[in-house]
Amino acid sequence: MQHWLVKSEPEKYAWADLVRDGRTMWDGVRNYQARNNMQQMQPGDLVLYYHSVSEKAVVGIAKVEKAAYPDPTTDDPKWVVVDLVPYRAFKEPVTLQQIKEDKRLQDIALLRQSRLSVMPLKAEEFDVLLALGN
DNA sequence: GCCAACGTTGGC
DNA sequence: GCCAACGTTGGC
């Protein structure tokens, strides 16, 4: 199983919206690298949910329910979506500041490539973030 | 609100 | 194929 992190501006689609909806189609990704990462996602993979811009913290864990399929919101065949469901919330959000200060997380794509919106996480990184959030 | 980083577009 | 211009993201 692989681990991932996705970013969302909470003003646009927050963790609470995902919990309320019970399931969402992760659409709107228009970046090749992010798209390529989504194509690697398998059902059951866990996905950390990061609130960008206003909050800057990892707030919960989602799960891939359906692997990549063509994005129905565009006629352009090169874009895909995945379906995500909420898995569980973090007890405490893990802030970008905490991530920056943790030696074990210095290689995380979130820090190295700030604009990437869908990124893989090493199992160790996932475990560290999980421990910080609980 | 500003700006750095970075991806995309289009002229040559 | 290069590169300037431009648009977007996201941290501060």
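Letters A, B, ... mirror the listed sequences (proteins, then strands); counts begin at 1.
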>> Rounded to whole Å, how long is the line connecting atom CG of A/Leu96 with atom C1' of C/dG10?
In response: 10 Å

>> If I take atom NZ in residue A/Lys100 and atom P in nucleotide C/dG10, what distance separates them, rounded to the nearest angstrom?
In response: 14 Å

> What pairs of residues pass the ring-ring contact (aromatic ring centres under 6.0 Å, His included) test when at least one of them lies in residues 81-129 of chain A, not counting sequence neighbours?
Replying inline: A/His3-A/Phe126

>> Return the OG to CD distance between A/Ser52 and A/Glu9, rounded to the nearest 0.5 Å.
In response: 4.5 Å

>> Against A/Trp4, only a single residue in A/Leu46, A/Leu48, A/Asn37 fulfils side-chain contact (heavy atoms from CB on, under 4.5 Å); can you say which?
In response: A/Asn37

> Are A/Arg104 and A/Glu125 ion-paired here, with the side-chain N under 4.0 Å from a carboxylate O?
Replying inline: no

> Atom CG of A/Leu111 and atom C1' of C/dG11: how far apart are they, to the nearest Å?
Replying inline: 12 Å

>> If I take atom CZ in residue A/Arg112 and atom C1' in nucleotide C/dG11, what distance separates them, rounded to the nearest angstrom?
In response: 18 Å

I'd like a list of close polar pairs between nucleotides 7-9 of chain C and the protein, N/O only, cut-off under 3.5 Å.
| from | atom 1 | to | atom 2 | distance (Å) |
| --- | --- | --- | --- | --- |
| C/dT8 | O2 | A/Arg115 | NH2 | 2.8 |

> Are any of the side-chain nitrogens in A/Lys63 or A/Asp45 under 4.0 Å away from the carboxylate oxygens of its partner?
Replying inline: no

>> Looking at A/Tyr32, I'd like to know whether one of its side-chain N or O atoms comes within less than 4.0 Å of OP1 or OP2 on B/dC6.
In response: no

> Hey, is A/Arg30 close enough to A/Asp71 for a salt bridge, meaning N to O under 4.0 Å?
Replying inline: yes

>> Rounding to an integer number of Å, can you tell me how far A/Ile99 CD1 sits from C/dC12 P?
In response: 11 Å

>> Using whole Å, what does the distance between atom P of nucleotide C/dG10 and atom CD of A/Glu11 come to?
In response: 12 Å

